[in-house]
Protein chains: 2
Amino acid sequence: MSTNGKKKEGPSELDIFRDFLKRHGMRYTPERETIIKEIFATHEHFDVDSLYISMRQKGLRVSKASIYRLIPLLIQANLIEEVFFEKGQMHYEHTYGHEHHCHLRCQQCSKIEEFSDHRMAQIEEELTKRFNYKILRHRLEVIGLCSDCQKKAQAES
Amino acid sequence: MSTNGKKKEGPSELDIFRDFLKRHGMRYTPERETIIKEIFATHEHFDVDSLYISMRQKGLRVSKASIYRLIPLLIQANLIEEVFFEKGQMHYEHTYGHEHHCHLRCQQCSKIEEFSDHRMAQIEEELTKRFNYKILRHRLEVIGLCSDCQKKAQAES
DNA sequence: GTATCTGCAAACCCTTTGCAATAAG
DNA sequence: CTTATTGCAAAGGGTTTGCAGATAC
């Protein structure tokens, strides 16, 4: 089990996405560029609403609809992925350039710790053999109470 | 890694829930009983809408609101848990009486295989120490292509 | 030029909630 | 009797979509 966050070498997210759009007969627009830059500049995890608000505050004006329309494309291009659904909203994180990691989330305060674990690769390998699946990815979310929230809970009881 | 589905011994879901309600000053109603019986009789995984429809077809008439209001209680009582969110709906499965398991899902056809793995317990234990969290539960979803869908994909290319 | 994309606002759809009537304890 | 629960219908709130104008290519 190790901490995470190494940045891989390679073409930029924009390069990848530009190529993706070209291959699919879609267009590279200033709006798309703005959104992608914002996602990859400032957010590790994000949800549409907070992304939108943070962009507005910076004077970057794109509509929410454009963000919503962009997200499936970014997922298809393997640049981001859904990580969890909470309080009615889907949360995403960017994948490209980051090693895959798992999430440890505090049920109370929603704080998130990231970790990765070599055993996940073993598990995937065994599943491949056992069920004859071609494994694409996994999502591991561990839910618990962080030390702060444990203390608070004790204080209340 | 082992296959799953063993039924543990012990009090029934209704007993557990009755006790839970009493402890919280809540009431045991025919509606609640009907819904719980239906959940535990026929569904391994379920979502509110299909549960509601299936109950209606059997002539069991409870309102959707009552189902929605019951679910958080069942989660709190540790009888069911959220397993994944798909196509705008949360999906649940019952936990009580079943060993915890993980899901291997085919991205193409949504078929689900269940498995459990002792390494998850190890991982939880290590996370407890490392981050000082009190671990409550985890959700592991592995996504891939089942053998049938692999064949289909090959045939098409 | 033409097909795609944008912003807007309305529509959608799952879920939650206010309310008056009902029923559990 | 008191307070929780029910069903209904309306409200919420995140996401999707129809449309007309703008724009990438």
Side-chain angles (χ1 to χ4, degrees), chain A residues 14-15 17-39 43 45-56 59-77 80-92 110, chain B residues 14-15 17-39 45-56 59-77 80-92:
Chain A
L14 282 177
D15 293 339
F17 193 57
R18 226 171 183 130
D19 181 58
F20 173 87
L21 290 174
K22 185 161 277 174
R23 277 184 286 119
H24 291 261
M26 297 171 181
R27 292 170 187 177
Y28 188 76
T29 66
E31 290 81 2
R32 286 176 173 173
E33 180 175 311
T34 307
I35 300 168
I36 295 176
K37 279 188 176 162
E38 183 67 13
I39 290 177
H43 295 272
H45 299 87
F46 69 94
D47 59 86
V48 172
D49 204 59
S50 36
L51 177 66
Y52 177 73
I53 290 170
S54 121
M55 291 183 74
R56 289 224 122 207
L60 304 170
R61 303 192 157 254
V62 293
S63 68
K64 261 192 195 176
S66 292
I67 300 178
Y68 276 114
R69 283 189 273 232
L70 181 57
I71 280 178
L73 304 182
L74 292 175
I75 292 175
Q76 221 192 314
I80 64 171
E81 62 186 4
E82 299 183 337
V83 282
F84 56 86
F85 180 81
E86 192 176 67
K87 288 167 196 157
Q89 286 181 251
M90 186 53 79
H91 294 248
Y92 306 89
S110 295
Chain B
L14 282 177
D15 292 339
F17 193 58
R18 225 170 184 132
D19 180 57
F20 172 87
L21 291 174
K22 184 162 279 176
R23 277 185 286 117
H24 292 260
M26 296 171 181
R27 291 168 188 179
Y28 188 76
T29 66
E31 290 81 2
R32 288 176 172 172
E33 180 176 311
T34 307
I35 300 167
I36 296 177
K37 278 186 177 164
E38 183 67 13
I39 290 177
H45 298 87
F46 69 95
D47 59 86
V48 172
D49 204 58
S50 37
L51 178 66
Y52 178 72
I53 290 170
S54 122
M55 290 183 74
R56 288 225 122 207
L60 304 171
R61 304 193 156 252
V62 293
S63 68
K64 262 193 194 174
S66 292
I67 299 178
Y68 277 113
R69 284 191 272 232
L70 181 58
I71 280 179
L73 304 183
L74 292 175
I75 291 175
Q76 220 192 314
I80 65 171
E81 63 186 2
E82 300 183 337
V83 283
F84 57 86
F85 181 81
E86 194 176 65
K87 288 167 197 156
Q89 286 181 250
M90 186 54 78
H91 295 248
Y92 306 89

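For the numbers below, each heavy atom of this structure counts, side chains included, while hydrogens, waters and symmetry mates do not. All values derive from a computational prediction rather than experimental measurement. Chain A is the first sequence line, chain B the second, and so forth, proteins listed ahead of strands; every chain is numbered from 1.
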With respect to the side chain of [X], which nucleotide from [options] is positioned closest?
X: R27(B); options: dT15(C), dA23(C), dT6(D); result: dA23(C)
X: P30(B); options: dA24(C), dG7(C), dG7(D); result: dA24(C)
X: Q89(B); options: dG7(C), dC14(C), dA4(D); result: dC14(C)
X: T29(A); options: dC8(C), dC5(C), dT15(D); result: dC5(C)

How many whole angstroms separate atom [atom1] of [X] from atom [atom2] of [N]?
X: E86(A); N: dT15(D); atom1: CD; atom2: P; result: 13 Å
X: I67(A); N: dT16(D); atom1: CD1; atom2: P; result: 13 Å
X: E33(A); N: dT23(D); atom1: CD; atom2: P; result: 16 Å
X: I71(B); N: dC14(C); atom1: CD1; atom2: C1'; result: 12 Å
X: H91(A); N: dG14(D); atom1: NE2; atom2: C1'; result: 11 Å
X: M90(B); N: dC14(C); atom1: CE; atom2: P; result: 14 Å
X: Y28(B); N: dT6(D); atom1: OH; atom2: P; result: 12 Å
X: M55(B); N: dT6(D); atom1: CE; atom2: P; result: 12 Å

Taking the nucleotide of DNA chain C with the closest heavy atom to each, which residue, M26(B) or K87(B), is nearer the 5' end?
K87(B)
I35(A) and M55(A): side chain to side chain contact (heavy atoms under 4.5 Å, CB included), yes or no, with the steps?
CA-CA 8 Å; I35(A) 300 168; M55(A) 291 183 74; 4.1 Å; yes
Other residues, nucleotides, ligands: >12 heavy atoms within 6.0 Å of K64(A) NZ:
yes
Would you check, one step at a time, whether the test side chain to side chain contact (heavy atoms under 4.5 Å, CB included) holds for D19(A) with D15(A)?
CA-CA 6 Å; D19(A) 181 58; D15(A) 293 339; over 6 Å; no
Which is it for I39(B) and Y92(B) under the side chain to side chain contact (heavy atoms under 4.5 Å, CB included) test, yes or no, and what are the steps along the way?
CA-CA 10 Å; I39(B) 290 177; Y92(B) 306 89; over 6 Å; no
Does a nitrogen or oxygen in the side chain of Y68(B) sit under 4.0 Å from OP1 or OP2 of dT16(C)?
no
Any S63(B) side-chain N or O less than 4.0 Å from OP1/OP2 of dC8(D):
no
Do R69(A) side-chain and dG7(C) base share a donor-acceptor contact under 3.5 Å?
yes
For V62(B) versus Y52(B), what's the shortest heavy-atom pair and its separation?
O-CE1, 3.2 Å
Categorize R32(A) for me: base, sugar-phosphate, or nothing, with a 4.0 angstrom heavy-atom threshold over every strand shown.
sugar-phosphate
